[in-house]
2 protein chains.
Amino acid sequence: MFSKTCEYAIRAMIFIAQQSKDGSRVGIKDIAKGIDSPEHFIAKILQDLGRKGVVQSLKGPTGGFYLDNSGRKTTLATIVKAVDGDDIFSGCGLGLKQCSDKHPCPLHHEFINIRKDITNMLNKTKVGDLQEQLDKKLTFLRRD
Amino acid sequence: MFSKTCEYAIRAMIFIAQQSKDGSRVGIKDIAKGIDSPEHFIAKILQDLGRKGVVQSLKGPTGGFYLDNSGRKTTLATIVKAVDGDDIFSGCGLGLKQCSDKHPCPLHHEFINIRKDITNMLNKTKVGDLQEQLDKKLTFLRRD
DNA sequence: CAATTAAAAGACTTTTTTGTCTTTTAATGA
DNA sequence: TCATTAAAAGACAAAAAAGTCTTTTAATTG
């Protein structure tokens with residue numbers, strides 16, 4: 001469904017939302033441990049998301065990654081688009097370049113509702129909401 | 001959603017169903033042209049599906065790939081499982097090894113219905129049905 | 001301002017996926 | 001039975017994704 005890169009990105013965003021809710025910042029090592037990902041790999045991903053304005057960061061002592069209140073309202077759709085592009089929102093399920101309502105591939109109609117549901121879900125789900133469920137221990141980011 | 005390999009596999013299965021409905025066989029070159037795929041690549045994919053009993057083939061003159069009536073009832077689920085495994089049916093959306101109803105990842109609940117819809121769709125859609133829609137020119141396998 | 005801390009940047013490697021080419025095996029029909 | 005046809009098998013190559021490592025830049029604090 002998502003690339004590994006995108007999975008790490010979503011997990012990291014939720015973790016950062018959680019760790020920075022008191023206004024502090026969280027370092028790359030803690031993030032890597034917290035979401036069980038390769039340290040340098042998630043660093044690269046977050047740097048990319050930083051350039052795109054999806055996550056905030058600060059260098060030096062007391063530095064790290066953080067999300068402000070508006071960042072916590074970031075939707076999964078924003079993250080997925082930034083990392084994987086919008087293939088999942090609009091690409092053809094059978095990989096045809098020419099596939100549309102007018103010129104549908106054999107799976108086009110079967111896919112329409114599924115794609116709509118995925119899009120709705122990604123558009124409405126916010127990082128902050130997922131972080132709150134995590135805080136309540138209703139969900140988990142790793143084994144523990 | 002699916003790997004390229006799986007996309008080619010589904011397209012090829014529909015094409016073979018169409019071309020072999022009169023009891024004849026269709027060669028790898030015609031398949032590659034018909035679904036716009038690399039010839040040797042789709043050959044390898046179909047050999048694998050052949051070994052798994054998902055498609056039938058015959059060597060020599062008048063040989064080629066074909067589907068009998070029971071083959072035409074093959075579901076997309078069968079093809080997808082044979083090619084991509086069952087990640088799409090049961091894997092965690094965030095790539096966690098430990099993810100279940102009891103120990104859900106942050107996206108677990110959001111994904112449950114989507115996964116159910118995808119599974120239903122793949123289980124109920126048969127190669128033969130897709131081929132009939134193609135015959136009626138309601139859908140397309142390539143530009144034309 | 002110098003030492004320290006932590007992210008940014010970028011080169012590099014490994015693994016997986018995708019794609020290509022050549023040789024072998026099996027079936028057909030003259 | 002021999003030439004031909006077409007898939008099977010398997011080695012190989014290219015591209016993309018995933019992961020690692022080193023150097024540079026920027027912020028903080030004494």
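Small disclaimer: the values here were computed from a predicted structure and weren't measured. Chain letters run A, B, ... following the sequence lines, proteins first and then strands; every chain starts at 1.
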| said: Between A:Arg11 and A:Leu141 (side chain of the first, backbone of the second, donor and acceptor by atom type, cut-off under 3.5 Å), is there such a pair? | reply: no
| field | From CG (A:Leu130) to CD (B:Glu110), nearest 0.5 Å | value | 5.5 Å
| request: Give a yes or no on whether a donor-acceptor pair under 3.5 Å exists between the nucleobase atoms of C:dG19, that is its base, and the side chain of B:Lys44. | output: yes
| For B:Gln47 and C:dC21, what is the distance between atoms CD and C1' respectively, to the nearest whole Å? | 13 Å
| query | Which ones in residues 1-16 of chain A lie close to DNA chain D, meaning a heavy atom under 4.0 Å from one of its atoms? | reply | A:Ser3, A:Lys4, A:Thr5, A:Tyr8
| Without hydrogens or angle criteria, can the side chains of A:Asp84 and A:Ser3 be said to hold a donor-acceptor pair below 3.5 Å? | yes
| remark: A:Asp87 atom CG is separated from D:dA16 atom P, nearest whole Å, by 14 Å
| field | Euclidean distance, atom CG of residue A:Asp30 to atom C1' of C:dA6 [Å, nearest integer] | value | 12 Å
| request: Grab the CG-P distance between B:Leu49 and D:dA7 for me, whole Å please. | output: 15 Å
| remark: For nucleotides 22-30 of chain D, 5' to 3', base contacts (B), sugar-phosphate-only contacts (S) and non-contacts (-) with protein non-hydrogen atoms under 4.0 Å give B--BSBB--
| request: Please confirm whether the backbone N or O of B:Thr74 pairs with a side-chain atom of B:Thr78, one donor and one acceptor, at under 3.5 Å? | output: no
| query | Looking at B:Asp48 and B:Arg51, does any basic side-chain N land under 4.0 Å from a carboxylate oxygen? | reply | yes
| message | Keeping B:Thr119 on the side-chain end and B:Arg115 on the backbone end, is there a donor-acceptor pair under 3.5 Å? | response | yes
| said: Main chain of B:Thr62, side chain of B:Arg25: is a donor-acceptor contact present, judged purely on distance under 3.5 Å? | reply: yes
| query | To the nearest angstrom, how far is B:Glu39 atom CD from D:dA8 atom P? | reply | 13 Å
| task | Report yes or no: is the cationic atom of B:Lys4 (NZ for Lys, CZ for Arg) closer than 6.0 Å to the six-membered ring centre of B:Phe2, at no more than 45° off its axis? | result | no
| message | Whole angstroms only, please: what is the CD1-P distance between B:Ile45 and C:dT18? | response | 9 Å
| task | Write down the distance between CD1 (A:Ile28) and P (D:dT20), rounded to a whole number of angstrom. | result | 14 Å
| task | Would you please say whether a donor-acceptor pair under 3.5 Å links the side chains of A:Gln131 and A:Asp135? | result | yes
| request: Can you tell me the distance, in whole Å, between the CD1 atom of A:Ile42 and the P atom of D:dT20? | output: 12 Å
